[in-house]
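Heads up: the structure comes next, in structure tokens.
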Protein chains: 2
Amino acid sequence: MSTAAPRTADQDRIWSVDEHLQDILATVRPLEPIELQLLDAQGCVLVEDVLAPGSLPPFDNSSMDGYAVRVVDVAGASEEFPAVLEVIGDVAAGQADLLHVGPGQAARIMTGAPLPPGAETVVPVEWTDGGLGEGPVSRMRAAGLYPGGAGGQVRVHRPAEARAHVRAKGSDVRAGECALEAGTVLGPSQIALLAAIGRGTVRVRPRPRVVVMSTGSELVQPGEQLGSGQIHDSNSFALTAAARDAGAIAYRVGAVVDDVDILRSTIEDQLVRADLMVTTGGVSVGAYDVVKEALSHVDDEDEPGSGIEFRKLAMQPGKPQGFGSIGADHIPLLALPGNPVSSYVSFELFVRPAIRTLMGLADVHRPTTRATLAADKALTSPAGRRQFLRGSHADGTVRPVGGSGSHLVAALAHADALIVVPEDVTSVEPGTEVEVVLLG
Amino acid sequence: MSTAAPRTADQDRIWSVDEHLQDILATVRPLEPIELQLLDAQGCVLVEDVLAPGSLPPFDNSSMDGYAVRVVDVAGASEEFPAVLEVIGDVAAGQADLLHVGPGQAARIMTGAPLPPGAETVVPVEWTDGGLGEGPVSRMRAAGLYPGGAGGQVRVHRPAEARAHVRAKGSDVRAGECALEAGTVLGPSQIALLAAIGRGTVRVRPRPRVVVMSTGSELVQPGEQLGSGQIHDSNSFALTAAARDAGAIAYRVGAVVDDVDILRSTIEDQLVRADLMVTTGGVSVGAYDVVKEALSHVDDEDEPGSGIEFRKLAMQPGKPQGFGSIGADHIPLLALPGNPVSSYVSFELFVRPAIRTLMGLADVHRPTTRATLAADKALTSPAGRRQFLRGSHADGTVRPVGGSGSHLVAALAHADALIVVPEDVTSVEPGTEVEVVLLG
């Protein structure tokens, strides 16, 4: 991190929300893929087409507990006239050495066990006397009762077609077939399939490591006593939680005092574990906006193109925003405003899509919907700014929660949606249809 | 874990899905609450009404960068006839010693800084010459330029009403007010509020620790070569991932061989880190169903009421199920069938609600909806069993993915919904409205 000439952005220009988001998404690149253990890859995006190395199931196997027999030996079997077959032993799941089932013979077989050579079909144990010389039964006796495997005779009371109750080799996935395509997000059932075809590791984009720090000499750690003029740090907690929610591995640095040198060295220290950095506070026009002071002069001479640009956005809350990259590795950094509601809304609009872009996800945005405004009076919104109000959404209607103040954390905590009032609208009457961003 | 008489459940009785679920939810109790650090409590349920110990914000403060002044001193100020005030210094956020603003005076004030005594309102810096003796400006000069604080004069070009741009003490949350109610799930914005009112720790029900083990001598770890008759273990991976998805801390034990003694001692070993145990396989009628053999005779003599009961359920897939509690601490245990699709569907129907009950969540079920069946031919379903088919849901329609075979993992991996065919329905024509469970 070295100091060079500040960026020459027009300081009076107002940028739209969409322009700013576009610039962020055009800059942030998906992380390089790595090979991860299956359970470490949960929630990650696959970057390879995964082909099945073998068939699934790998062999014909029984879908029932019962007897493996030849079709002709049970043809015409009935309750009155059962087929009586010689039991030559057991076939359990995982058994390597298989019996050969000859004419007039039956092998006791368990669900998932390989269909033994000679056998053509499986009769469920419920269609037999269980090999006990009794009437129809619904269960087997434990293998422990037959140390040498089952023997004696079994009476079969129903015929079975060829390959009945047999799961054919490759009927789930054929060898060489594409089991999962690149771009698939790995949830529990995708992990099931990868394990089933024998993949212990898989190539995915890893979860991004996001470092969150709040700035402000007024900030005190929750749980500690406030002095005069002090407030508790909430942003570093909220955004760490929000980054995790978005899929990141998040590190909370906590609050940094308003000192340009300390801020710079803290950021520099943290770069080693960051795929993305997020700061809050110190980005406005004030004399103590040290994030802006520290970072707007940052530019890596050896790495042209890096540096942080500070902008005014046509939005409320969240007007002042910083974005760029930092350090030799061009780690993206988003500098959000310090008011709790401003920083949270900015996170939703800009940081969350950046995190999901790093993950390589196709859809980086929160779902939106349209809903009817339920309110006692018209909402007002400043001309030329896109307003994001906290709302509560249910059954096609949305109701504002709290006011538009960017310090109202209680209202935010009771909201589950953002109501969007476009730039060219200054008043929204109750009953009007509005755009709504659904928060989780 | 000691051995006693087996449970005397009627072995031929068929239980409904709802009866089984009801029994599980009537047995599983929310975990005892503990005090956790804020970020460790993410996703957990609050068990206390959290009252604000003080006001939020804790003091009147400025919502803008500007000048703190008396109302009368800027009354009638205009571009042509600005009010000229003496700048007596800076008020930064977090500043403890405050200036007193007298008649004809102004204190340069930053966003979030306390309104100093004597001042009645704030004029934004944009309404002034910035204290530079120039025309209207939009930004301040950095504090570093005034080592002793700002001085000189400021010209104010607009009047301000009393308490304009002032956030009143307690306007977000009043001291003593209930900030969050017991039962609230802690997401990022609830964590923001707790931090803002100064709570460093909070009393919640912890995430349940779920131990997952698959059973079967045929199971081989993914990544290793299959021998004859062997398959790869997928259940322990899938259900560990699914348990995490449901909110648990999940431990994968992996595959245990079909040996009653080894199985018992493995379960006994794992009890120490389990709030819930899940096994797969070995619960059917076969001679090698060792989970059933090992656990249906388990009963703690000192703790009457514990023990595992094995049942046949009127469902497909997932007919054989075991449920009960085990060990001196009555740890709940669900014994699921071993087919990958059966175990996954059983997890969704029974284990996920159990995990969410342990967490103390009010809503433990997946969302369901109704959708129009899109299919080439009618779906068939066995009479008397509730069938759960894998489906793909979009825009009010649902399409079956793969067949009804409980070994079809590939279809499961490409599904995002379960199509529910009720017990009394044996055929569903395309175009019919069906119930659909949405798999998040």
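Per chain, numbering begins at 1; letters A, B, ... match sequence-line order. Treat the numbers as computed from the prediction; the structure is a model and nothing was measured. Below, all heavy atoms of this structure are taken into account, side chains as well, without hydrogens, waters or symmetry copies.
Each of B/G227, B/G187, B/S171, B/G216 has some count of heavy-atom pairs under 4.5 Å with chain A, and the biggest count is that of B/S171. Annotation: maximal heavy-atom pairing with chain B below 4.5 Å, among A/G281, A/G338, A/S189, occurs at A/S189. Of the listed residues (A/A52, A/A413, A/G223, A/G402), the one with the most heavy-atom contacts under 4.5 Å to chain B is A/A413. Chain A forms the most heavy-atom pairs under 4.5 Å with one residue out of B/S217, B/A411, B/A195, and that residue is B/A195. Ranked by heavy-atom pairs under 4.5 Å with chain B, the list A/A415, A/P222, A/A243 is led by A/P222. No other option in A/G229, A/G200, A/A238 has as many heavy-atom pairs under 4.5 Å with chain B as A/G229. Of the listed residues (A/R252, A/Q190, A/Q221, A/E177), the greatest number of heavy-atom pairs within a distance under 4.5 Å of chain B belongs to A/Q190. Taking B/S234, B/G94, B/G198 one by one and counting their heavy-atom pairs under 4.5 Å with chain A, the maximum is reached by B/G198.
Heavy atoms of A/N235 lying under 4.5 Å from chain B are absent altogether. Interface residue A/P57: only side-chain heavy atoms are found under 4.5 Å from chain B. When heavy atoms are compared at a cutoff of 4.5 Å, A/L39 approaches chain B by way of both its backbone and its side chain. For A/L412, the parts sitting under 4.5 Å from any heavy atom of chain B are the backbone and the side chain alike. Residue A/P114 touches chain B through its side chain alone, counting heavy-atom pairs closer than 4.5 Å. Contact of A/F59 with chain B is made through the side chain alone, with heavy-atom distances under 4.5 Å. The part of A/D233 that comes within reach of chain B is its backbone (N, CA, C, O), which places non-hydrogen atoms under 4.5 angstrom from that chain. The part of A/Y344 that comes within reach of chain B is its side chain, from C-beta onward, which places non-hydrogen atoms under 4.5 angstrom from that chain. Interface residue A/A179: only backbone heavy atoms are found under 4.5 Å from chain B. B/P340 does not touch chain A: none of its heavy atoms, backbone or side chain, sits under 4.5 Å away. Contacts between B/S63 and chain A at a heavy-atom distance below 4.5 Å are absent for every atom of the residue. For A/N61, no part lies under 4.5 angstrom from a heavy atom of chain B. The contact between A/D65 and chain B is made entirely by side chain atoms (from C-beta outward), counting heavy-atom distances below 4.5 Å. Contact of A/I197 with chain B is made through the backbone alone, with heavy-atom distances under 4.5 Å.
The backbone N or O of A/E224 sits less than 3.5 Å from a side-chain atom of A/H232, completing a donor-acceptor pair.
Considering only heavy atoms from C-beta on, A/Q42 stays 4.5 Å or farther from B/F237 through its side chain.
Ion pairing between a basic and an acidic side chain is recognised when a charged N comes within 4.0 Å of a carboxylate O; B/K169 and B/D60 show no such pairing.
Once rounded to the nearest 0.5 Å, the distance linking CE of A/M110 with CE of A/M64 reads 13.0 Å.
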